[in-house]
Amino acid sequence: MMKGLSPPQDGMTEMGNPALSVRVDASRGEISLGSLRSPTPEVLIWPGAPEAQVDGKTWRWERWEAGDGPVARGKALGAAAHQVFVGAANESGLTLRYHVQVYELEPMALVWMEVVNTSDRPVTVERLTVMSAAAHFGSPGGTPRVFIDNGGLMGSGSRDLKAPSGTHTAHGALVVTEPENGWAASASFVSFQTAAVTNQIETGPSGSAERLTAACDYPNGYLLAPGATLESEAFAVGVYGDPHMALERWADAVMAVNDFQPPRFCPSGWNSWYCYRLTITEEIVLQHARFIQKRWDGLGLENIQIDHGWQYRDVIGNWAPTERFPHGLPWLSE
């Protein structure tokens, strides 16, 4: 039984592993998840429901039935229990197939949805919300932090989770942690095939987490023909002992779910843009090269990329160096 929630009622499906409990209430079309490590769960997500925004309207499926054809994903992470739940066609013309997968040994659960156009006309799908639920992240007296990743772009980084009526939005990994209490939770998409993904935690007036949303957007609309199926990206919730492990296992899940193979060689090095942007100079590059050679020689860093900022007058496509590189790039490369 999931600690922190009422006992399961008749008709509920409960799945779990030593770290997570997942409960599906098919009679209401809802899913709940929670961590099991302590009497007071650090992570509670309840009750969540998928939604579809179609032709400008948002639809839910109020009741599910058990479905067939479960196909586990991410087999490299180990054995998993997999259930499919079906929501009958509503006025949107869409039938739902909701997938819930819980690994036996990996402390992670996956959820994703398929929508099938069972109408006789094409529809335009604008958003698939894999989960929208009340949420709790934290221990009594703890100071949770959140790490969000937006592909290395603006807004990425670590910050305090508690922020009155705030939002923490990621388009890649999202990890909440309390290092002093020895736990971390990843709430992140692990596939990125057709949609622009957003995983977001909203906080209430007290600053504590109150809501989790995991959504797949189709900015230009996805035209779904009669009889066709659109599958969302897969969303994963995992609980671990520290944030670095949570990030590492998220990356492993991305590899496993998408059936990626590790590259035989991974180019690595240093990029000027995120630190210096248009202030980069010849001497700054040399300082970093010396530091890498002296302190990080054993890490195999082979490349230094002088990003935008080396071109004359900072014009992209102007292949002459700016005055900040007085000796020229061939000299600097040597």
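Heavy atoms only: backbone and side chains are in, while hydrogens, waters and symmetry mates are out. By convention here, the first residue in the shown sequence is residue 1.
Judged as a side-chain hydrogen bond (donor to acceptor under 3.5 Å, both in side chains), and not counting sequence neighbours, the contacts of Thr169 are Gln200. With sequence neighbours excluded, no residue forms a ring-ring contact (aromatic ring centres under 6.0 Å, His included) with Phe260. Judged as a salt bridge (Lys or Arg N to Asp or Glu O under 4.0 Å), and not counting sequence neighbours, Glu202 has no contacts. Contacts of Tyr240 classified as side-chain hydrogen bond (donor to acceptor under 3.5 Å, both in side chains), with partners at least two apart in sequence or in another chain: Glu106. Residues meeting the side-chain hydrogen bond (donor to acceptor under 3.5 Å, both in side chains) test with Ser188, sequence neighbours left out: Ser186. Residues passing the salt bridge (Lys or Arg N to Asp or Glu O under 4.0 Å) test with Arg121, sequence neighbours excluded: Asp55. Residues passing the side-chain hydrogen bond (donor to acceptor under 3.5 Å, both in side chains) test with Ser119, sequence neighbours excluded: Asn117.
A heavy-atom distance below 4.5 Å is found between the side chains of Trp61 and Asn90. Thr177 is not listed as a side-chain neighbour of Val146, based on a closest heavy-atom distance of 4.5 Å or more. Within the 4.5 Å cutoff, no side-chain heavy atoms of Tyr98 are placed close to those of Val84.
Distance alone, capped at 3.5 Å, is enough to place a donor-acceptor pair between the Glu178 side chain and the Ser139 backbone. Remark: the backbone N or O of Glu231 is not paired with any side-chain donor or acceptor of Gln193 at under 3.5 angstrom. In this structure a side-chain-to-backbone donor-acceptor pair under 3.5 Å is present from Asn150 to His171. With hydrogens and angles disregarded, a donor-acceptor distance shorter than 3.5 Å links the side chain of Asn258 to the backbone of Val190. A donor-acceptor pair is defined here as one N or O able to donate and one able to accept, closer than 3.5 Å; no such pair exists between the side chain of Asp217 and the backbone of Pro219.
Judged purely by distance below 3.5 Å, without hydrogens or angles, the side chains of Gln83 and Thr13 never pair a donor atom with an acceptor atom. Under 3.5 Å, the side chains of Glu114 and Thr229 contain no donor-acceptor pair of N or O atoms.
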Fill in: Stepwise salt bridge (Lys or Arg N to Asp or Glu O under 4.0 Å) check, Glu30 with Arg63
CA-CA 8 Å; Glu30 295 176 339; Arg63 183 179 179 86; over 6 Å; no
Worksheet item: Does the pair Val237 and Ile45 meet the rule for a side-chain contact (heavy atoms from CB on, under 4.5 Å), with working shown?
Response: CA-CA 10 Å; Val237 176; Ile45 302 169; 4.1 Å; yes
For a quick test of your reading: what N or O donor-acceptor pairs under 3.5 Å do the side chains of residues 206-215 make, sequence neighbours left out?
unit_1 : atom_1 : unit_2 : atom_2 : d
Arg211 : NE     : Ser132 : OG     : 3.4
Arg211 : NH2    : Ser132 : OG     : 3.1

Per-pair distances, 0.1 Å, donor-acceptor, side chain in residues 326-334, under 3.5 Å, sequence neighbours excluded:
unit_1 : atom_1 : unit_2 : atom_2 : d
His327 : ND1    : Glu282 : OE1    : 3.3
His327 : ND1    : Glu282 : OE2    : 2.8

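Evaluation of the salt bridge (Lys or Arg N to Asp or Glu O under 4.0 Å) test over residues 156-173, restricted to residues two or more places apart or in two chains, returns Arg145-Asp160. Pairs passing the salt bridge (Lys or Arg N to Asp or Glu O under 4.0 Å) check and including a residue from residues 295-314, sequence neighbours excluded, read Asp314-Arg324. Contacts classified as ring-ring contact (aromatic ring centres under 6.0 Å, His included) and involving residues 114-135 (residues at least two apart or in different chains) are not found.
Put simply, CD on Glu42 and OG on Ser35 are 4.5 Å apart, with the number rounded to the nearest 0.5 Å.
Checked against the 6.0 Å centroid threshold, Phe235 and Phe189 count as a close aromatic pair.
A 6.0 Å sphere centred on CZ of Phe291 holds more than 12 heavy atoms belonging to other residues, nucleotides or ligands. Heavy atoms of other residues, nucleotides or ligands lying less than 6.0 angstrom from CG of Leu105 number 12 at most. Annotation: Trp296, atom CH2; neighbour count of heavy atoms from other residues, nucleotides and ligands within 6.0 Å does not exceed 12.
Taking the six-membered ring where tryptophan is involved, the planes of Trp270 and His288 are essentially parallel, since the angle between them stays under 30° and well short of 60°.
Both tests pass for Arg73 against the ring of Trp112: distance under 6.0 Å to the centre and angle within 45° of the axis.
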